[in-house]
Amino acid sequence: MTEIFTTRVRDIISSIPPGRVMTYGLVASRAGNRSGARQVARILHSSSEKYDLPWHRVMNRDGKISLPRGGGYEQQKELLEQEGIVFGGNGCIDLEEYLWPANNCF
DNA sequence: CTCGTGACTCCCG
DNA sequence: TCGGGAGCCACGA
């Protein structure tokens, strides 16, 4: 548990299996900072490509995509659908159904 | 080194 | 019920 926040975030996100998702706050919480949700988003921005992180499996607390339409929203939605995740009419998914219980992993 | 910003979340009015 | 403000920390310039 001596890893730094960034490293843990990367590890956690990379541990999310296909067809599952996690929220920023949850990842941050798992990494040690429940208030680090913003950093998770920033890390994703900075390291998603470098470390090949499944950024599309990370969404906000509402089970919705935080990205605006045309700003990556459609891309994330498509990637998630490819993994079997179904979106509701409001563009939200069932977190109860797809949320990755990473808590058990530890 | 310092400053600014951000794909969030929670609490209070 | 809904909106606004504050908190938090890392990364890039």
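Quick note on labels: first sequence line is chain A, next is B, and so on, each numbered from 1.
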Can you check the [X] [atom1] to [N] [atom2] distance for me, whole Å?
{"X": "A:Arg38", "N": "C:dG5", "atom1": "CZ", "atom2": "C1'", "result": "11 Å"}
{"X": "A:Leu26", "N": "C:dC8", "atom1": "CG", "atom2": "P", "result": "20 Å"}
{"X": "A:Asn33", "N": "B:dC8", "atom1": "CG", "atom2": "P", "result": "17 Å"}
{"X": "A:Gln39", "N": "C:dC9", "atom1": "CD", "atom2": "C1'", "result": "4 Å"}
{"X": "A:Arg34", "N": "C:dA6", "atom1": "CZ", "atom2": "C1'", "result": "12 Å"}
{"X": "A:Ile43", "N": "C:dC9", "atom1": "CD1", "atom2": "P", "result": "12 Å"}
{"X": "A:Phe5", "N": "B:dC8", "atom1": "CZ", "atom2": "P", "result": "14 Å"}
{"X": "A:His45", "N": "B:dC8", "atom1": "NE2", "atom2": "C1'", "result": "12 Å"}

Practice prompt. Take A:Ile65 and A:Phe87 through the test side chain to side chain contact (heavy atoms under 4.5 Å, CB included) and record every step on the way to the result.
Written response: CA-CA 10 Å; A:Ile65 296 175; A:Phe87 283 75; 3.7 Å; yes
Fill in: side chain to side chain contact (heavy atoms under 4.5 Å, CB included) partner of A:Val27, chosen from A:Val9, A:Asn33, A:Ile43
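With A:Val27 as partner, A:Val9, A:Asn33, A:Ile43 yield a single side chain to side chain contact (heavy atoms under 4.5 Å, CB included), made by A:Val9.
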Worksheet item: Only one of A:Val40, A:Ile12, A:Leu95 clears side chain to side chain contact (heavy atoms under 4.5 Å, CB included) with A:Met22; which?
Response: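 For A:Met22, the side chain to side chain contact (heavy atoms under 4.5 Å, CB included) check succeeds only for A:Ile12.
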Worksheet item: OP1 or OP2 of C:dC11 sitting under 4.0 Å from any side-chain N/O of A:Thr6?
Response: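 It does, given that an N or O in the side chain of A:Thr6 lies less than 4.0 Å from OP1 or OP2 of C:dC11.
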Worksheet item: What are the residues of residues 72-93 of chain A, sorted by number, that bring a heavy atom to within less than 4.0 Å of DNA chain B?
Response: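 Here the set is empty: none.
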Practice prompt. With rounding to the nearest 0.5 Å, note down the distance linking NE2 in A:His56 to CG in A:Leu44.
Written response: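 These two atoms lie 10.5 Å from each other.
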Discussion item. I need the A:Leu53 CG to A:Ser46 OG distance, nearest 0.5 Å.
Written reply: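 Here the rounded value is 11.0 Å.
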Worksheet item: So which of residues 46-68 of chain A are in contact with DNA chain C, with a heavy-atom cut-off of under 4.0 Å?
Response: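 DNA chain C contact set from residues 46-68 of chain A: A:Ser46, A:Lys50.
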Worksheet entry | side chain to side chain contact (heavy atoms under 4.5 Å, CB included) between A:Gln75 and A:Trp55, worked out | CA-CA 11 Å; A:Gln75 185 183 8; A:Trp55 59 270; 4.0 Å; yes
Discussion item. If you apply the rule salt bridge (Lys or Arg N to Asp or Glu O under 4.0 Å), what do you find for A:Arg20 with A:Glu83, and how did you get there?
Written reply: CA-CA 8 Å; A:Arg20 289 289 181 279; A:Glu83 298 186 348; over 6 Å; no
Worksheet item: Of the non-hydrogen atoms in A:Ser14 and A:Pro54, which two are nearest, and what is the gap between them?
Response: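 Looks like CA-CD, 4.1 Å.
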Worksheet item: Ignoring hydrogens and angles, does a donor from either the side chain of A:Arg42 or the base of C:dC11 sit under 3.5 Å from an acceptor on the other?
Response: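 It does, because a donor-acceptor pair links the side chain of A:Arg42 to the base of C:dC11 below 3.5 Å.
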Worksheet item: Are any non-hydrogen side-chain atoms of A:Ile93 and A:Leu80 less than 4.5 angstrom apart?
Response: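 They are not in side-chain contact.
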